[in-house]
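Shown next, in structure tokens, is the structure this report addresses.
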Amino acid sequence: MKIRHSAVALFIAALALTGCTPSPSESAAPTVPPAATPSSSPSSDAAAEPTTSDRGNVIKAVGDTFGLSAKDGSSVASFVVNAITVDPGCTSEYAEAPEHGHFVRLDVSGETTATLPDDLYFASGSWFVVADNGTTFNGDVWSMAAAACMDQTERLPNIIGAGERVTGAVILDVPTPHGVIILQSPGSGGWEWEY
């Protein structure tokens, strides 16, 4: 448990150092080709002023690029959620039923630049869910059942360093089949996707 909390602290520190506000370079897709592309290209005004939720997070859709910028505004990490699947079939021999009701799978690809100042941690404590009734879920979406759903080789790496290209899935254990998934860093904002 101590290792898990340390990883969360390091992820939050990495986001705080690089910032997670969108930059103009964020509108360019990463070189890892996404499975789906946005249905329309945003205008230059929309690119400059991203749509945010009442929670202060940048609203994203499947196929939209999200990432991190350095203090000078240059992009250091670029990712795409290529698909979101509710109640996917689990592939691990150790799979079990979700603890909270439903699994949600996010298929993610992306890359970091050689100038990424610190490793990124896509681990517990960074992901939240708002149920379809508007209530923020109090439970841990990073449950043991979610971790056991798929083989480790299918998962997005928890730790992503500088100059890396990655692809993999994130499985979350959520209470409702519809809602909002949030990837957030306290004090620095974040992103959210409807599922």
Side-chain angles (χ1 to χ4, degrees), residues 11 15 20 22 26-42 46-47 50-53 55 57-68 75 77-112 120-132 137 140-143 145-160 164-185 189-195:
F11 174 73
L15 286 179
C20 68
E26 224 182 48
S27 60
T31 59
V32 178
T37 56
S39 57
S40 62
S41 58
T51 304
T52 57
S53 70
R55 293 172 286 274
N57 302 311
V58 177
I59 298 172
K60 295 292 184 179
V62 169
D64 287 350
T65 300
F66 69 101
L68 304 176
S75 176
S78 181
F79 296 92
V80 173
V81 172
N82 298 306
I84 298 175
T85 308
V86 178
D87 295 324
C90 290
T91 58
S92 169
E93 63 180 299
Y94 305 107
E96 55 188 72
E99 293 176 19
H100 307 305
H102 301 273
F103 289 133
V104 174
R105 175 180 174 140
L106 294 89
D107 289 290
V108 180
S109 60
E111 62 184 317
T112 60
L120 298 179
Y121 293 80
F122 283 88
S124 173
S126 306
W127 298 93
F128 304 92
V129 68
V130 177
D132 55 1
F137 179 53
D140 186 3
V141 296
W142 205 267
S143 69
C149 182
M150 64 183 162
D151 186 74
Q152 185 175 2
T153 59
E154 297 177 70
R155 295 185 205 142
L156 186 71
N158 283 342
I159 302 171
I160 302 170
E164 290 191 38
R165 183 178 292 178
V166 296
T167 186
V170 172
I171 299 280
L172 303 177
D173 193 341
V174 302
T176 58
H178 305 285
V180 174
I181 292 169
I182 300 169
L183 173 59
Q184 190 173 55
S185 172
W191 308 273
E192 59 183 65
W193 298 261
E194 285 188 23
Y195 68 92

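Keep in mind that what you see is a predicted model, and the values were worked out from it rather than measured.
Atom CG of residue Asn82 and atom CG of residue Asp64 lie 11.0 Å apart, to the nearest 0.5 angstrom. To the nearest 0.5 Å, the span separating CG on Asp107 from OG1 on Thr167 amounts to 7.5 Å. With rounding to the nearest 0.5 Å, the separation of CD1 in Ile84 from CZ in Arg105 is 12.5 Å. With rounding to the nearest 0.5 angstrom, the CD1 atom of Ile159 is 10.5 Å from the CG atom of Leu120. Taken from CG in Leu183 to CZ in Phe128, the straight-line distance is 9.0 Å, to the nearest 0.5 Å. Residue Glu192 holds its CD atom at 5.0 Å from CD1 of Ile182, rounded to the nearest 0.5 Å.
Side-chain N or O atoms of Thr112 include one that pairs as donor or acceptor with a backbone N or O of Glu164 at under 3.5 Å. A distance-only check finds no donor-acceptor pair linking the side chain of Thr91 to the backbone of Met150 [under 3.5 Å]. No donor-acceptor pair closer than 3.5 Å links the side chain of His102 to the backbone N or O of His178. Distance alone, capped at 3.5 Å, places no donor-acceptor pair between the Arg155 side chain and the Ile171 backbone.
The shortest distance between side-chain heavy atoms of Ile160 and Phe122 falls below 4.5 Å. Arg55 is listed as a side-chain neighbour of Val130, based on a closest heavy-atom distance under 4.5 Å. Within the 4.5 Å cutoff, no side-chain heavy atoms of Phe79 are placed close to those of Leu68. Trp191 is not listed as a side-chain neighbour of Asn57, based on a closest heavy-atom distance of 4.5 Å or more.
Contact between Leu106 and Leu172 at its shortest, heavy atoms only, is CD1-CD1, 4.0 Å. The two atoms that bring Val86 and Val104 nearest to each other are CG2-CG2, 4.3 Å, heavy atoms only. Listed here is the closest heavy atom pair of Ala97 and Ala145: O-CB, 3.4 Å. Between Gly101 and Asp87, the shortest heavy-atom distance links the atoms O-OD1, 4.4 Å. Taking each heavy atom of Ala131 and Pro175 in turn, the nearest pair found is CB-CG, 4.5 Å. Of all the heavy atoms in Thr176 and Tyr195, the pair that sits closest is O-OH, 3.0 Å.
Taking the six-membered ring for Trp and the full ring otherwise, the centers of Phe66 and Trp193 sit less than 6.0 Å from each other.
Other residues, nucleotides and ligands contribute more than 12 heavy atoms inside 6.0 Å of the CD atom of Glu96.
With sequence neighbours excluded, the residues forming a side chain to side chain contact (heavy atoms under 4.5 Å, CB included) with Pro98 are Phe103, Asp173, listed by chain and number.
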